[in-house]
Amino acid sequence: MESQYNPQQIELDAQHYWEKNQTFKAKEDPLKEKYYCLSMFPYPSGSLHVGHVRNYTIGDVISRFQRMLGKNVLQPIGWDAFGLPAENAAIKNKVPPAQWTDQNIQHMGRQLRRLGFGYDWDREMSTCKPEYYHWEQWFFIKLYEKGLVYKKNALVNWDPVDNTVLANEQVIDGRGWRSNAKVERREIPQWFLKITAYADQLLNDLDTLTGWPAQVKTMQRNWIGRSEGALVHFQVADMADTLQVFTTRPDTLFGVTYLAIAPEHPLATLVAAKNPSLKGFLAECQTGKVAEADLATIEKRGIDSGLRAIHPISNELIPIWITNYVLMDYGSGAIMAVPAHDQRDFEFAKKYQLPIRQVVARSLTDLSFDIDKQPFIEKGVLINSNHFDGLAYAEARDAILQQLLKDNKGEKQVQWRLRDWGVSRQRYWGTPIPIIYCDACGTVPVPEKDLPIILPESIEFDGVGSPLKKMPEYYNTTCPNCQGAAVRETDTFDTFMESSWYYARFACPDQSMKMFDERVDYWAPVDQYIGGIEHAILHLLYARFFHKAMRDLKLVQTDEPFLRLLSQGMVLKDGAKMSKSIGNTVDPEDLIAQYGADTVRLFVMFAASPEQSLEWSDSGVDGAYRFLKRLWHMVFQQVQQKPTQQELLAPTPAQKDFRRLCHETIQKVTDDIGRRQTFNTAIASMMELLNAIYIFAASPHHNAALTQEALQALLLMLSPITPHITHALMYALGHSEAIVNLPWPTVDVGALAKDTLKFVVQINGKMRAEITAPAHADNKDLEHLALNDENVQRHIGEKEIQRVIIIAKKLINIVIK
RNA sequence: GCCCAGGUGGCGAAAUCGGUAGACGCAAGGGACUUAAAAUCCCUCGGCAUAUGCCGUGCCGGUUCGAGUCCGGCCCUGGGCACCA
């Protein structure tokens, strides 16, 4: 064994061993319990950043840990290869997106290998390859056949100078990022997936996901947003139209003083045609971004449409306003406004001097509330509501609903916040949508036998619109039905489509005849999924939806794709998310060159618990490196000793303490890695154990067999985190089997026993002393011992003792007057 | 604006179910070894006092024998808001 730790050499040796022995090649074995561990696959942006290292190290630690517990582990890796950055790079560097993406995959693949992650590289796949997106196109057609796909108009950001649809990210302060032109909201036809058909399942099944963080489930619940209420029909005066308005507060129906409709609402378009001032207002509403965050923060504005609606019970005429804060995409694009009992409506009514009519009060007699100052949001008793006056919230709600039902002017309704998923993108670098348009036959899905529709890769890319729209050789085709001339859809899929099913495809990436084969039944679902908290809603919801849709097509057998979820925090630098666009990334390659992969892995795992966001700083890496050097040195020292394997017949108290610490550490590290997934505290405990080994080795009680036991346990526990150095050191300690094939250490319960326990003694909750008591002492003994303490006596003095609270194995609190 | 997190020493953090606040590490200061440096090892390290005390976990208030942890109200930072991935 070398006396010096040389990470570069030993890391190559270990990696060579794993490769040569195909250590991480996963084979289906019905006799072994499987464990599928997956970190969210990367977008090949160019090179790895620290966030990737964190993500993939967590996955590797869990995979290697489960392997040591005897599971048949699958840990695959692939590339989420379609996306916008490749198009940007294509414009900037005049290189086709496919070529740019492939280069990045090559480079990042090398970086992942250098970090020593235990992937089954034979399953590597890229979503931009036809072998992959073939089955996405096939699945889309299956959904189409099931009626889960439809086309409708939807809003996009339109750059009127570049004549291009812009992503929200490409709109900066309301202007196109390249043209600097004011962005307009424009409606275009787009394909949608009916995720709302699964809304109830997506909501209810969250309760079965016991391995998911509560925070993520709450976010999804709120996003899906189930609410119960009423759909109220407001007849438009002097017109045939009816406005269908959803409300969660039917009890406030008599407080409605105006209705508000979205600028894109058909009624708005209709009346604006004859009214120039309305037309002007609608045009103003059309500028700006389509993102909800922008719509929610803009100044609320509106204009009286001149139309009137008839109140469904009182028959009063109510003005219909066109406003910029009602979303056409949400519900019916129209709302009823009750300024007296809703904050937003109140503010709008104040601004435009619309009437505010209080219809709910704390009681019939308590009318002290000043409705002119602020809205009354609470539930209460109805007033000013005809014959409904005096009814409390629940009765009022039911009575009004009954009346609406009777008159055929409303019904009970469950409303969801979740909207259908628009999957069309007016971009080149994505999966072609397998649809053909024929003048004679209409919309025709591409037949299975003609799949995949291959995206042409050698193209000219100028940034103005999709190149596919300028390629007749691509879009001109024949109709599968009538064989007449027809054109292809030139839009491509949202890239969330690829990431919604890749986890299942990893079970059989080489299957060329179908989407999945029987191997998916062995590996799915994913036992542990790891990824950034920024994916808590969209990606995870879409993947859950796909999984359920695949289940209903008998492609998978389970209800949910991911059993346990670890949402890792963001890696921040200078207080902001690390990203290439901000330019604050840290390249892990420099750190690997200086310290080796083990130090980088160790430090990233040590710096914070995985769910916390991590403010990146290079300082501290030295500490991780120093720890590994100390570990190397201690094993080197131990190897010179020739330890006796003989057990100690009469260990000294110091030797018992040392062995207890060793087994307490095994217990804690097992719990920290397996249950808590707090790798940072596991590492801290292992550092404490190494510190204790140093002290023990230098003490007169030193025993080589005990040190050997502790060092072996330490190497085994460290091996998921720093697999290379532990590979070398376990051989050095005299093992002939590679550490990667050895089992996780077990706790000797006998070693944990203690003769005495330490108690903190408090007086009125303040710590005043620490006492040592025999392990078997009862509460009386403990109270006696505590009261006998000199410092405790001094603090009690002449005062009267009221209570003594004893918390087992921990604490004694004496309450005095 | 709405939803979800977080705020603890000079710094990264820990405190798992309401029970010793600051484990573990970084930086810094002091010392040992060395011709010297690096490396390594030892000691100190929240603030104020100076023997066993007081204060201290974003701010204000509450519950409790006891609050970083629970409750109410604020402030600030981060993530998401459906076309970044």
Side-chain angles (χ1 to χ4, degrees), chain A residues 40 42-43 45 80 83-85 154 156-157 165-171 213-216 218-219 221-223 225 290-298 300 325 329 344 417-422 424-427 494-496 499 532-539 541-542 567 569-570 572 575-577 579 581 603 606-609 611-617 619-624 626-627 629-630 633 671-672 675-676 678 680-681 683-688 691 694 758-770 790-791 794 802-805 807 810-816:
Chain A
M40 289 180 187
Y43 176 78
S45 55
D80 188 15
L84 199 53
V156 292
N157 301 306
V165 175
L166 297 179
N168 283 334
E169 191 193 49
Q170 297 172 309
V171 181
Q215 162 204 13
V216 174
T218 305
M219 281 193 260
R221 238 172 241 127
N222 293 337
W223 183 266
V290 292
E292 194 190 314
D294 292 68
L295 292 167
T297 47
I298 51 170
K300 289 177 189 59
Y325 71 92
D329 286 346
R344 278 201 328 183
R417 206 189 78 97
L418 180 68
R419 307 198 296 257
D420 278 336
W421 176 12
S424 294
R425 295 293 179 270
Q426 297 68 45
R427 292 193 223 297
D494 177 7
T495 56
F496 275 125
S499 52
I533 186 67
E534 68 273 22
H535 295 294
I537 295 173
L538 290 180
H539 162 60
L541 194 67
Y542 291 146
S567 309
M570 314 279 301
L572 310 172
K577 171 180 172 176
S579 87
S581 54
F603 176 65
F606 180 58
S609 58
E611 302 206 327
Q612 288 228 339
S613 62
L614 166 60
E615 177 70 33
W616 179 260
S617 136
S619 70
V621 184
D622 273 325
R626 207 169 288 153
F627 170 73
K629 280 192 290 190
R630 274 164 62 79
H633 177 76
D671 190 48
D672 280 357
R675 180 182 64 90
R676 298 180 66 209
T678 52
N680 55 331
T681 54
I683 293 166
S685 302
M686 291 190 278
M687 287 175 165
E688 285 181 87
N691 290 343
Y694 264 83
K758 277 187 179 153
F759 284 81
V760 164
V761 185
Q762 294 182 335
I763 295 172
N764 288 348
K766 292 205 178 218
M767 184 196 165
R768 295 301 180 195
E770 199 178 65
E790 206 179 300
N791 208 36
R794 197 171 56 79
Q802 295 191 311
R803 288 168 73 182
V804 176
I805 293 156
I807 307 295
K810 259 184 197 157
L811 176 138
I812 301 157
N813 189 16
I814 300 162
V815 184
I816 59 172

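It should be emphasised that the depicted structure is a prediction, and the values quoted were computed from it without experimental measurement. Protein chains get the first letters and strands the later ones, always in sequence-line order, with residue 1 at the start of each.
The side chain of A:L811 has B:rG19 as its nearest neighbour among B:rC65, B:rG1, B:rG19. Side-chain proximity of A:K766 to B:rC55, B:rG79, B:rC54: nearest is B:rC55. Listed nucleotides B:rG19, B:rC81, B:rG25 differ in distance to A:I805; the shortest reach to its side chain belongs to B:rG19. Comparing B:rC84, B:rU20, B:rC55 by their closest approach to the side chain of A:V760 singles out B:rU20. Of the candidate nucleotides B:rU16, B:rG79, B:rU20, B:rU20 has the atom lying nearest to any side-chain atom of A:E770.
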Start with the C-alpha gap between A:R803 and A:N813, add the side-chain angles, then the distance that decides, and say whether side chain to side chain donor-acceptor pair (under 3.5 Å) holds. CA-CA 8 Å; A:R803 288 168 73 182; A:N813 189 16; over 6 Å; no

Go through A:Y694 and A:H633 one step at a time and tell me if the side chain to side chain contact (heavy atoms under 4.5 Å, CB included) criterion holds. CA-CA 10 Å; A:Y694 264 83; A:H633 177 76; 3.3 Å; yes

Going through the checks in order, is the side chain to side chain contact (heavy atoms under 4.5 Å, CB included) test met by A:I533 and A:V216? CA-CA 8 Å; A:I533 186 67; A:V216 174; 4.0 Å; yes

Check against side chain to side chain contact (heavy atoms under 4.5 Å, CB included), A:D294 and A:V171: CA-CA 11 Å; A:D294 292 68; A:V171 181; over 6 Å; no

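The heavy-atom pair separating A:M219 from A:A536 by the smallest distance is CE-CB, 3.7 Å. A:R417 and A:N222 make their closest contact through NE-O, 3.5 Å (heavy atoms, listed as atom of the first residue, atom of the second, distance). Here the closest heavy-atom approach between residue A:N764 and residue A:I816 is recorded as OD1-N, 3.0 Å. Among all heavy-atom pairs drawn from A:A608 and A:Q612, the shortest one is CB-CB, 4.5 Å. The two residues A:M767 and A:V760 make their nearest non-hydrogen contact at CG-CG1, 3.7 Å. For the residue pair A:D80 and A:S499, the shortest heavy atom distance occurs at OD2-CB, 4.3 Å.
At B:rA27, one or more side-chain N or O atoms of A:R626 fall inside 4.0 Å of OP1 or OP2 (strictly under the cut-off). Contact annotation: A:N680 side-chain N/O to B:rA23 OP1/OP2 distance is not under 4.0 Å. Between A:K629 and the phosphate of B:rU40, there is a side-chain N or O to OP1/OP2 separation shorter than 4.0 Å. At least one side-chain nitrogen or oxygen of A:R803 sits closer than 4.0 Å to the OP1 or OP2 atom of B:rC65. For B:rG25, neither phosphate oxygen OP1 nor OP2 lies less than 4.0 angstrom from any side-chain nitrogen or oxygen of A:R630. In terms of phosphate contacts, A:N813 brings no side-chain nitrogen or oxygen within less than 4.0 Å of OP1 or OP2 of B:rG19.
Residue-level contact check: A:L295 touches neither bases nor backbone, having no heavy atom under 4.0 Å from any strand. Note on A:V156: a base of the nucleic acid sits closer than 4.0 angstrom, heavy atoms only. Counting any heavy atom pair closer than 4.0 Å across all strands shown, A:A536 reaches no nucleic acid atom. Contact annotation for A:V165: base contact, defined as any heavy-atom pair under 4.0 Å involving a base atom. As judged by a 4.0 angstrom heavy-atom cut-off over every strand, A:S685 is placed among residues making no nucleic acid contact.
When rounded to the nearest whole Å, the span between NE2 of A:H539 and C1' of B:rC84 equals 15 Å. Between the CZ atom of A:F496 and the C1' atom of B:rC81 there is a distance of 12 Å, given to the nearest Å. If you take CE of A:M570 and C1' of B:rC84, they are 11 Å apart, rounded to a whole angstrom. Going from atom NZ of A:K300 over to atom P of B:rG1 covers 9 Å, rounded to whole Å. Separating the CG atom of A:N764 from the P atom of B:rC65 is a distance of 11 Å, rounded to the nearest angstrom. When rounded to the nearest whole Å, the span between CE of A:M767 and C1' of B:rA21 equals 12 Å. Between A:N157 atom CG and B:rA82 atom C1' the separation is 12 Å, expressed in whole Å. Atom pair A:R221:CZ and B:rG80:C1' shows a separation of 17 Å (rounding to whole Å applied).
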For RNA chain B, the dot-bracket pattern of Watson-Crick and G-U pairs whose distances stay under 3.5 Å, | for other-strand partners: (((((((..(((......[....))).(((((.......))))).(((....)))..(((((..]....))))))))))))....

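Atoms CZ and OG1, from A:R425 and A:T495 in turn, are 7.5 Å apart once rounded to the nearest 0.5 Å.
Distance noted for atom C1' between B:rG72 and B:rU63: 11 Å (whole Å). Across B:rU52 and B:rU16, the matching C1' atoms stand 31 Å from one another, rounded to whole Å. For the P atoms, the distance linking B:rU20 with B:rA85 amounts to 48 Å, nearest Å. The separation of B:rC17 from B:rG7, taken at their P atoms, amounts to 15 Å, rounded to a whole angstrom. Across the C1' atoms, B:rG66 and B:rC76 are found 30 Å apart, a figure rounded to whole Å. B:rC65 and B:rA13 are spaced 36 Å apart, taking the P atom of each and rounding to whole Å. For B:rG56 and B:rG9, the P atoms lie 14 Å apart once the distance is rounded to whole Å. When the P atom is used for both B:rU77 and B:rA27, the distance is 31 Å, rounded to whole Å.
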Polar atom pairs (N or O), protein with nucleotides 3-12 of chain B, under 3.5 Å:
{"residue": "B:rC3", "atom": "O3'", "partner": "A:N222", "partner atom": "ND2", "Å": "2.7"}
{"residue": "B:rC3", "atom": "O2'", "partner": "A:N222", "partner atom": "ND2", "Å": "2.9"}
{"residue": "B:rG12", "atom": "O2'", "partner": "A:A607", "partner atom": "O", "Å": "2.9"}

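Two residues, A:I683 and A:Q762, neighbour RNA chain B, and the one matched to the more 5' nucleotide by heavy-atom proximity is A:Q762. Summary of the strand contacts: A:P85 and A:T681 both lie near RNA chain B, and taking for each the nucleotide with the nearest heavy atom, the more 5' one is attributed to A:T681.
Below the 3.5 angstrom threshold, one finds no donor paired with an acceptor across the side chain of A:R794 and the base of B:rU52.
Annotation: cation-pi geometry not satisfied between A:R344 and A:Y325 (NZ/CZ under 6.0 angstrom from ring centroid, within 45° of ring axis).
Its glycosidic angle being within 90° of 0, B:rG9 falls on the syn side. Base orientation of B:rC17: syn, since the glycosidic angle falls within 90° of 0.
Checking side-chain atoms of A:D671 against main-chain N and O of A:R676 turns up no donor-acceptor pair under 3.5 Å.
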